[in-house]
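In what follows, chains carry the letters A, B, and so on, assigned in the order in which the sequence lines appear, proteins first and then strands, with residues in each chain numbered from 1. Keep in mind that this is a model prediction, so the values were computed, not measured.
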Amino acid sequence: MNEQTSAHNPVNLRLPDGSVRTFDGPVDGTTLAADIGPGLLKAAVAIKVNGETWDLSRAISADSDVAIVTKKDAEALDILRHDCAHIMAEAVQELFPDTQVTIGPNITDGFFYDFARDKPFTEDDLIVIEKRMHEIVARDEQIIREEWDRTDAIAYFKKIGELYKAEIIEDLPQGDTITVYRQGDWLDLCRGPHLPSTGKLGDAFKLMKVAGAYWRGDSKNAMLTRIYGTCWADKKALKAYLHRLEEAEKRDHRKLGREMDLFHLQEEAQGSVFWHPAGYTMWLQMEKYIRARLTEHGYQEIKTPQLLDSKFWEKSGHWAKFRENMFVVPDEVPSTDEDAPVLSGKAKLMALKPMNCPAHVQVFNQGTKSYRDLPIRFAEFGCCHRNEAHGALHGLMRVRQMTQDDAHIFCREDQITSETVNFCSLLSSVYRDLGFPEFKVLLATRPDMRSGSDESWDLAEARLEAALKETGLDYDFAPGEGAFYGPKLEFHLSDAIGRTWQCGTLQLDPNTPKVLGATYIGEDGAKHAPVMLHRAVLGTLERFLGIMIEHYAGRMPLWLAPTQAVVTPITSSADGYAEEIYNRLIAAGVRAELDLKNEKINYKVRFHSHRKVPAIFVVGGREEEDGTVSVRRLGSKHSNVQIASEAIDALVAEGRMPNGTA
RNA sequence: GCCGCUGUAGCUCAGUGGUAGAGCGCACCAUUGGUAAUGGUGAGGCCGGGAGUUCAAUUCUCCCCAGCGGCACCA
């Protein structure tokens with residue numbers, strides 16, 4: 001496009017309603033909006049030109065399809081947020097001139113900007129910065145787009161001490177137009193588009209938190225100081241967002257874990273969970289359910305050692321590729337001599353298993369396997385230890401001692417597809433049973449650090465993709481995200497508040513069986529290496545239970561609820577009848593409790609509701625006389641009087657474990 | 001591991017250079033009630049750990065540790 005020569009040609013702009021407006025020469029979005037009407041001019045934030053979002057101030061010199069973007073449009077939010085980031089950067093540099101800007105992209109629900117500064121920002125600084133941002137909005141500074149020469153731009157940013165910006169420009173592909181946006185006395189390298197002036201941003205923004213972040217996301221680089229913010233089209237949307245955050249906080253499994261007395265963590269065992277009776281009841285129910293589903297899908301459960309010789313891990317490849325995540329234990333009797341060190345440092349090293357796969361190969365390797373034996377599916381609720389970085393630990397979601405619903409399928413190459421299809425069907429029915437009907441699939445390909453030849457990777461990736469196609473599931477790619485021994489499928493489920501979690505995985509591993517000498521006798525009488533499929537549906541019990549707690553906000557489905565029903569009398573005169581109902585519930589296999597506490601019924605209903613007990617059976621003189629119970633279900637404001645035996649039967653029926661047909 | 005913030009009773013949190021307080025919970029007493037808090041009394045704390053400054057440190061300084069929010073890593 002040549003704006004110089006087209007200056008004399010008329011420009012026809014077609015609006016979304018199909019009407020066309022003709023201008024004598026190049027025209028910008030502001031002029032167009034003004035031409036259409038003052039209301040639109042006021043609401044305009046940008047303009048779409050042939051599907052591309054432009055600044056309102058940018059001249060359009062050729063015939064185009066155009067649409068004025070207003071705050072109501074979805075793409076406006078991107079512009080507002082990015083402008084908000086710029087205004088924040090301007091405020092920061094006005095207040096703290098010793099700060100360099102780096103990058104400031106939009107993210108879900110907001111934006112951040114990373115700054116380079118000797119002294120990181122604090123929460124207190126945010127208040128001051130936010131105040132200055134409002135002032136910059138009030139100043140209504142015009143935002144001007146400029147195209148700069150690359151060399152000049154680099155020289156300029158170097159001159160003003162913005163070394164990170166200069167580095168960014170140096171790395172931009174040759175031929176890219178370098179654009180700079182000015183607002184008032186401040187300017188920044190940016191692709192745009194932006195609002196015509198800072199005043200258009202409005203006041204629906206808030207700075208959220210400060211954090212450290214590495215330059216270019218690499219832990220070898222300098223630590224920058226990042227400020228997160230959120231920005232919305234209006235105050236109402238901002239308020240709604242903040243409310244959403246509060247609601248998410250209420251579901252926090254760490255908070256609910258304490259309130260519901262499910263588990264705790266303490267510093268002497270950081271990253272390892274102390275499960276309380278209530279929490280472990282959930283665990284056992286989940287384990288029982290998964291075990292049943294695995295058995296039904298032809299898996300055999302095994303149990304393998306925790307502690308294995310480091311020589312073993314050398315052979316499996318973990319010592320080279322995974323050692324920094326492993327807990328190493330010397331095989332030595334510790335010294336009891338007060339003056340001597342406890343350990344000599346010379347002992348043979350053992351390591352706690354970080355994965356179950358090599359041990360499963362050992363079980364496979366016992367005896368001779370025929371091609372007729374395959375596939376062999378070994379499952380284990382394998383307890384693994386990984387030395388996760390301190391900063392990574394997070395409640396149940398990220399722990400150092402974890403139990404996977406792990407299994408390894410040893411199969412022939414011609415069985416890969418059927419095993420993959422079989423697994424995907426198991427996985428989707430489990431997710432449906434557990435309340436997660438929505439999930440996405442990613443095919444993760446070879447990482448930089450890997451074992452095996454490129455040829456074997458080519459083949460493995462092709463095989464896995466072909467098998468995935470057979471399942472009929474939609475999928476995307478996750479380049480470079482594969483395991484070190486093979487490509488994998490990642491299953492990401494969506495929870496009740498729209499977050500996604502990677503839980504399930506299926507990994508195609510042609511390497512480990514070879515490395516550990518696994519073979520079977522083929523139809524041809526020769527030895528062949530089986531293919532190994534590593535797979536998990538939940539991932540880890542710890543994390544999955546954490547996800548379930550947050551997904552259900554603690555209101556677990558009846559079959560998982562630690563206590564399913566509490567029986568409690570109105571007055572102590574009904575204690576005997578309450579106890580009778582309680583005994584009948586227990587006899588029927590219901591996880592029931594009897595609450596004979598000397599409190600009013602209001603108090604007891606409130607107390608057990610807070611504990612998220614799904615059913616409260618209230619009994620008094622009337623119920624005792626009629627052989628009924630008054631059932632109050634969690635979340636309901638009403639109670640329902642039922643014949644005792646019917647109420648018990650109904651609870652038993654509802655509390656049955658899902659079986660994949662749900 | 002890196003950056004920042006925080007650490008006081010079982011939980012949620014006040015507070016002070018002169019060794020601590022509330023609400024809930026807990027125990028006991030009274031109360032016997034109809035579906036989200038009955039009233040009273042009481043017990044309960046090495047103020048995260050260690051060093052330093054000070055006549056005196058929970059409070060100020062430094063160093064650890066842990067938790068939290070991110071980053072990096074990741075199930």
Please assess Tyr582(A) against Tyr577(A) for the test ring pair (Phe, Tyr, Trp, His ring centres under 6.0 Å), listing each intermediate value before the final yes or no. CA-CA 9 Å; Tyr582(A) 163 77; Tyr577(A) 182 60; over 10 Å; no
Watson-Crick or G-U counterpart of [N], or none if no pair lies under 3.5 Å:
N: G42(B); result: C26(B)
N: A51(B); result: U61(B)
N: U16(B); result: none
N: C71(B); result: G1(B)
N: G34(B); result: none
N: A66(B); result: U6(B)

On the six-membered ring of Phe327(A), is Lys353(A) placed so that its NZ or CZ lies under 6.0 angstrom from the centre and within 45° of the ring axis?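 Judged by the rule, Lys353(A) and Phe327(A) form no cation-pi pair.
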Does Arg450(A) make a cation-pi contact with Phe484(A), if we ask for NZ or CZ under 6.0 Å from the ring centre and within 45° of the axis?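 Output no; distance or angle outside limits.
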Ring centres of [X] and [Y] under 6.0 Å apart?
X: Trp232(A); Y: Phe205(A); value: no
X: Phe439(A); Y: His492(A); value: no
X: Phe423(A); Y: His297(A); value: no
X: His408(A); Y: Phe378(A); value: no

Using atom [atom1] in both nucleotides, what's the gap between [N] and [M] to the nearest angstrom?
N: A36(B); M: C24(B); atom1: C1'; answer: 15 Å
N: C60(B); M: A72(B); atom1: P; answer: 34 Å
N: A27(B); M: C64(B); atom1: P; answer: 43 Å
N: C28(B); M: C47(B); atom1: C1'; answer: 29 Å
N: G44(B); M: G4(B); atom1: P; answer: 41 Å
N: U61(B); M: C11(B); atom1: C1'; answer: 32 Å
N: G23(B); M: G39(B); atom1: P; answer: 12 Å
N: U53(B); M: C13(B); atom1: C1'; answer: 30 Å

Close N/O contacts between protein and nucleotides 33-36 of chain B (under 3.5 Å):
unit_1: G33(B); atom_1: N7; unit_2: Ile570(A); atom_2: O; d: 2.6
unit_1: G33(B); atom_1: O6; unit_2: Asn598(A); atom_2: OD1; d: 3.0
unit_1: G33(B); atom_1: N1; unit_2: Asn598(A); atom_2: OD1; d: 3.3
unit_1: G34(B); atom_1: O6; unit_2: Gly621(A); atom_2: N; d: 3.3
unit_1: G34(B); atom_1: O6; unit_2: Arg622(A); atom_2: N; d: 3.3
unit_1: G34(B); atom_1: N1; unit_2: Glu623(A); atom_2: OE1; d: 2.8
unit_1: G34(B); atom_1: N1; unit_2: Glu623(A); atom_2: OE2; d: 3.4
unit_1: G34(B); atom_1: N2; unit_2: Glu623(A); atom_2: OE1; d: 3.0
unit_1: G34(B); atom_1: N2; unit_2: Glu623(A); atom_2: OE2; d: 2.2
unit_1: U35(B); atom_1: O3'; unit_2: Arg632(A); atom_2: NH1; d: 3.1
unit_1: U35(B); atom_1: O2'; unit_2: Arg632(A); atom_2: NH1; d: 2.2
unit_1: U35(B); atom_1: N3; unit_2: Ser630(A); atom_2: OG; d: 3.3
unit_1: U35(B); atom_1: O4; unit_2: Ser630(A); atom_2: OG; d: 2.1
unit_1: A36(B); atom_1: OP2; unit_2: Arg632(A); atom_2: NH1; d: 3.0
unit_1: A36(B); atom_1: OP2; unit_2: Arg632(A); atom_2: NH2; d: 3.3
unit_1: A36(B); atom_1: O4'; unit_2: Arg606(A); atom_2: N; d: 3.4
unit_1: A36(B); atom_1: N7; unit_2: Arg632(A); atom_2: NH2; d: 2.9

Calculate the interatomic distance between [X] atom [atom1] and [N] atom [atom2]; express it in whole Å.
X: Trp215(A); N: A72(B); atom1: CH2; atom2: C1'; result: 16 Å
X: Asp595(A); N: A37(B); atom1: CG; atom2: C1'; result: 14 Å
X: Met208(A); N: G70(B); atom1: CE; atom2: P; result: 10 Å
X: His253(A); N: G67(B); atom1: NE2; atom2: P; result: 13 Å
X: Ile107(A); N: C71(B); atom1: CD1; atom2: P; result: 8 Å
X: Ile227(A); N: G70(B); atom1: CD1; atom2: C1'; result: 13 Å
X: His394(A); N: C71(B); atom1: NE2; atom2: P; result: 12 Å

Evaluate Phe274(A) against His264(A) for ring pair (Phe, Tyr, Trp, His ring centres under 6.0 Å), listing each step before the verdict. CA-CA 5 Å; Phe274(A) 292 79; His264(A) 85 271; 4.5 Å; yes
Return the orientation label for the [X] and [Y] ring planes: parallel under 30°, perpendicular over 60°, tilted otherwise.
X: Phe115(A); Y: Phe121(A); result: perpendicular
X: Phe607(A); Y: Tyr603(A); result: parallel
X: Tyr475(A); Y: Phe477(A); result: perpendicular

Just checking, any donor-acceptor pair under 3.5 angstrom between side chains of Asn356(A) and Asp406(A)?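 Short answer, yes.
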Under 4.0 Å: is that the gap between some side-chain N or O of Lys209(A) and OP1 or OP2 of G70(B)?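 Affirmative; the distance criterion is met.
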Expected rows: protein N/O vs nucleotides 73-75 of chain B N/O, under 3.5 Å:
unit_1: C73(B); atom_1: O2; unit_2: Arg398(A); atom_2: NH1; d: 3.2
unit_1: C73(B); atom_1: O2; unit_2: Arg398(A); atom_2: NH2; d: 2.5
unit_1: C73(B); atom_1: N3; unit_2: Arg398(A); atom_2: NH1; d: 3.0
unit_1: C74(B); atom_1: O4'; unit_2: Arg398(A); atom_2: NH2; d: 3.4
unit_1: C74(B); atom_1: O2; unit_2: Arg398(A); atom_2: NH1; d: 3.3
unit_1: A75(B); atom_1: O3'; unit_2: Gln502(A); atom_2: O; d: 3.1
unit_1: A75(B); atom_1: O2'; unit_2: Gln502(A); atom_2: O; d: 3.3
unit_1: A75(B); atom_1: O2'; unit_2: Arg543(A); atom_2: NH1; d: 2.3
unit_1: A75(B); atom_1: N6; unit_2: Glu388(A); atom_2: OE2; d: 2.7
unit_1: A75(B); atom_1: N6; unit_2: Val399(A); atom_2: O; d: 2.8
unit_1: A75(B); atom_1: N1; unit_2: Val399(A); atom_2: N; d: 3.2
unit_1: A75(B); atom_1: N1; unit_2: Val399(A); atom_2: O; d: 3.3

Using atom names, set out every protein N or O paired with an N or O of nucleotides 3-9 of chain B below 3.5 Å, distance rounded to 0.1 Å.
unit_1: C3(B); atom_1: O2; unit_2: Gly212(A); atom_2: N; d: 3.2

RNA chain B: 5'-proximal contact among Gln266(A) and Tyr228(A) (nearest heavy atom):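 Closest to the 5' end, via its nearest nucleotide, is Gln266(A).
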Any chance you could measure Glu123(A), atom CD, to Met208(A), atom CE, to the nearest 0.5 Å?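 Here the rounded value is 10.5 Å.
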